[in-house]
Amino acid sequence: MNLCTGNLAKYLSVFIFYALYYIFNLHCLLSSPFFKNLSGQVDDCCCSIEDVAKLNLHIYPRLTNLVQRNYFKYVKINLHTGCPFWPDWNQCAIKDCSVDKCLEDELPIGLKKNGKSKYTENKYSEEANTEDKGPCAVGSEESLGDVDHNISDDQREALKEWSEYDADSSYTVDLDEDSKDAKWVDLILNPEKFTGYTGQGANRIWIAIYKENCFLPEKRMKTFDELQSVFLSKTCLEKRVFYRTMSGLHASINIDLSYNSLITDPRFPSKPQWGPDLEDFERRFDPVATKGNGPHWLKNLYFTYLLTLRAVTKAAPYWKEAVFFTGDEKEDKEVKQIILELIKSSKTCPSTFDETQMFTGDPAKANALKEEFRLHFKNVTRIMDCVGCEKCRLWGKLQTHGLATAMKILFSSDKWDKIPVINGKRFSLRRTEIVGLFNVLNKLSHSVHYIGEFKKMSERKNRKEL
């Protein structure tokens with residue numbers, strides 16, 4: 001090598017070093033603190049956050065398609081069983097919340113005849129949805145975002161036929177769909193978004209969940225470091241799983257609310273619009289404001305995602321035999337095909353969560369812990385009846401119902417090469433359990449997607465400030 005060549009190589013290596021250094025530091029400058037720390041292995045799982053992000057590219061569009069189908073967008077639920085814990089809970093404490101209305105073109109095919117409505121009364125008209133219904137009427141000063149329960153008579157008859165495909169099952173959660181007070185709800189017309197339901201009422205819900213049901217010690221832990229040293233590093237896997245599942249659901253709900261927030265453009269103050277609010281997202285998860293907890297909460301979202309996905313994939317033999325009946329043969333077949341494709345695509349990350357590590361050891365102690373785990377989860381679902389906002393109550397009950405279904409699948413049997421027989425009875429799920437399971441997985445998938453969107457927004461924002 002001559003002198004000129006040696007100098008060229010030296011200068012080139014120096015140039016590459018500084019170029020990489022600049023790119024790395026630019027990336028750090030463009031990334032918010034909780035995005036920089038959001039990487040690596042998901043605690044108590046078999047996948048990394050990067051694996052989940054890649055996997056979700058395949059899962060997200062299929063779930064988005066699935067939950068818009070008739071089988072998954074209607075649910076029968078009793079939202080007015082009353083709060084069993086606090087006599088002073090308030091159902092009508094928030095102003096300026098209303099349910100989005102559906103246009104004629106958005107109606108399900110069952111509501112139309114030859115492209116026209118079969119009914120003289122348009123149940124989605126402004127008149128039909130501003131009818132006085134008492135102190136919680138939609139649009140009233142004390143409205144909490146009442147849920148649109150309107151389902152046509154003919155459609156209600158068709159929905160009754162679905163029950164023929166429901167198997168009797170009693171698990172930790174019951175949506176009370178057989179109650180005379182239960183109503184059919186169109187989930188597409190009642191999306192989860194920020195309604196203004198905050199403050200003491202909302203905080204009391206989560207305090208009750210964490211303090212009384214997540215196996216946390218009585219001493220309140222304010223920082224993640226304290227939580228790590230006192231609880232996560234010393235407690236058993238089962239109790240960590242319970243806590244991370246609830247924390248992940250909590251994070252998902254907050255992400256969803258931040259991404260579907262009512263935003264006012266200073267240029268058009270009289271025309272607020274729904275959209276992603278980066279400032280709200282950063283406020284909820286900022287490491288400094290949350291004393292280090294924000295990134296930890298976000299990581300728990302990935303944990304809950306992987307646990308729920310594991311339940312869906314474990315039950316693959318069940319989905320292969322299941323009939324997703326709505327009366328529309330073509331769509332019912334399409335729904336099944338989407339689910340089977342979803343299962344197939346999830347194999348890109350075969351090891352997600354290993355439930356076989358739970359409830360092991362001494363049989364008596366393991367069974368006692370499993371029962372305690374079950375009862376704690378059941379109690380969480382009861383707490384959802386104390387949510388003041390009706391729309392928030394709907395989604396809280398549905399999502400905990402879905403997670404309970406995931407637990408039912410995971411801990412029912414370790415032998416899932418075919419549909420297992422448990423206590424002499426073939427494993428089965430009610431339709432509401434299936435609807436809840438795939439809807440909560442969809443919510444978790446959307447939250448993972450929204451994190452990616454918020455990261456892009458944050459980088460664009462920081463780039464402008466450089």
Side-chain angles (χ1 to χ4, degrees), residues 38-42 44-73 187-188 245 248-249 251-252 255-256 259 298-324 326 330-356 398-399 402-403 405-410 416-419 427 429 431 433-453 455-456:
L38 201 58
S39 62
Q41 193 77 8
V42 178
D44 291 322
C45 276
C46 312
C47 281
S48 69
I49 287 176
E50 291 78 10
D51 292 332
V52 175
K54 293 177 183 178
L55 175 62
N56 199 51
L57 293 175
H58 304 283
I59 301 293
Y60 172 77
R62 289 182 169 88
L63 285 170
T64 301
N65 184 355
L66 188 68
V67 297
Q68 296 181 59
R69 303 304 181 109
N70 283 340
Y71 187 90
F72 289 98
K73 75 175 186 177
L187 298 173
I188 303 299
T245 301
L249 175 63
S252 176
I255 293 167
D256 205 341
Y259 200 84
L298 290 175
K299 285 186 176 181
N300 285 338
L301 159 68
Y302 292 85
F303 172 88
T304 308
Y305 175 100
L306 290 172
L307 179 143
T308 309
L309 181 61
R310 167 58 183 158
V312 170
T313 55
K314 183 175 183 177
Y318 189 87
W319 311 130
K320 290 177 182 178
E321 292 191 19
V323 179
F324 301 93
T326 66
K330 181 176 181 295
E331 179 168 292
D332 294 348
K333 289 182 179 179
E334 290 175 351
V335 163
K336 186 164 186 172
Q337 185 61 33
I338 294 170
I339 291 176
L340 295 181
E341 288 176 357
L342 188 150
I343 299 297
K344 184 178 180 180
S345 66
S346 68
K347 292 180 180 179
T348 58
C349 186
S351 298
T352 54
F353 174 76
D354 186 3
E355 71 282 358
T356 63
L398 184 66
Q399 291 183 82
L403 288 178
T405 305
M407 302 296 181
K408 176 179 179 176
I409 294 170
L410 291 175
W416 266 93
D417 54 322
K418 59 181 180 179
I419 301 176
F427 180 90
L429 294 171
R431 181 183 162 274
E433 291 177 309
I434 298 173
V435 171
L437 176 63
F438 281 94
N439 267 282
V440 73
L441 181 58
N442 177 63
K443 286 291 185 182
L444 295 165
S445 173
H446 273 67
S447 295
V448 170
H449 175 75
Y450 293 157
I451 287 178
E453 294 299 300
K455 183 177 181 180
K456 293 176 185 176

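Residue indices begin at 1 and follow the sequence shown.
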Could you pull out the closest heavy-atom pair between Thr304 and Gly248, with the gap in Å? OG1-CA, 3.2 Å
For residues Leu55 and Tyr60, determine if any side-chain heavy atom of one lies less than 4.5 Å from a side-chain heavy atom of the other. no
Taking side chain as C-beta onward, heavy atoms only, is Phe72 less than 4.5 Å from Ile434? yes
Before giving the answer on side-chain contact (heavy atoms from CB on, under 4.5 Å), spell out for Leu429 and Ile409 the whole-Å C-alpha distance, their side-chain angles and the decisive distance to 0.1 Å. CA-CA 9 Å; Leu429 294 171; Ile409 294 170; 4.3 Å; yes
Counting N and O atoms only, with roles assigned by atom type, does the side chain of Tyr259 sit under 3.5 Å from a partner on the main chain of His446, one being a donor and the other an acceptor? no
Any side-chain to backbone donor/acceptor pair from Arg310 onto Tyr305? Under 3.5 Å, distance only. no
With distance as the sole criterion, is a donor-acceptor pair present between the side chains of Ser445 and Asn442 under 3.5 Å? no
Is the shortest side-chain heavy-atom distance between Leu340 and Lys336 below 4.5 Å? yes
Expected output: side-chain Glu321 to main-chain Pro317 donor-acceptor under 3.5 Å: no
Between atom CD1 of Ile59 and atom CG of Leu342, what is the distance when rounded to the nearest 0.5 Å? 4.0 Å
Cut-off 3.5 Å, side chains only: do Thr326 and Asp332 have a donor facing an acceptor? yes
Using 4.0 Å as the upper bound for N to carboxylate O, is an ion pair formed by Lys54 and Glu50? no
Grab the two heavy atoms, one from Ile49 and one from Ser39, that are nearest each other, plus how far apart they are. CD1-N, 3.7 Å
Donor-acceptor under 3.5 Å (Asp51 side chain, Cys47 main chain): no
What salt bridge (charged side-chain N to carboxylate O under 4.0 Å, His left out) pairs are there with at least one residue in residues 55-64, not counting sequence neighbours? Arg62-Glu341
Going by side-chain contact (heavy atoms from CB on, under 4.5 Å), Ile338 matches just one of Ile343, Leu63, Asn65. Which one? Asn65
Rounded to the nearest 0.5 Å, the OG atom of Ser345 sits from the CG atom of Leu57 at a distance of 10.5 Å
Can you tell me if Lys73 uses its side chain to pair, donor with acceptor, with the backbone of Leu187 under 3.5 Å? no
Residue pair Gln68 / Ile188, side-chain heavy-atom distance below 4.5 Å: yes
Starting from the C-alpha separation in whole Å, work towards a yes-or-no answer on side-chain contact (heavy atoms from CB on, under 4.5 Å) for Leu437 and Glu433. CA-CA 6 Å; Leu437 176 63; Glu433 291 177 309; over 6 Å; no
With a 4.5 Å limit on heavy-atom distance, are the side chains of Ile339 and Phe438 in contact? yes
Rounded at 0.5 Å granularity, tell me how far CH2 in Trp319 sits from CZ in Phe324. 6.0 Å
Are the side chains of Val42 and Ser48 in contact, using a 4.5 Å heavy-atom criterion? no
Ring center gap for Phe427 and Trp416 short of 6.0 angstrom: yes
Inter-residue atom distance Leu301.CG - Ser252.OG, 0.5 Å rounding: 5.5 Å
Decide yes or no for Leu307 and Met407: does some side-chain heavy atom of the first lie under 4.5 Å from some side-chain heavy atom of the second? yes
Is any side-chain heavy atom of Thr352 less than 4.5 Å from a side-chain heavy atom of Val52? no
Nearest 0.5 angstrom please: Lys443 NZ to Leu398 CG, how far? 9.0 Å
Please round to the nearest 0.5 Å and tell me the distance separating atom NZ of Lys299 and atom CG of Leu38. 7.0 Å
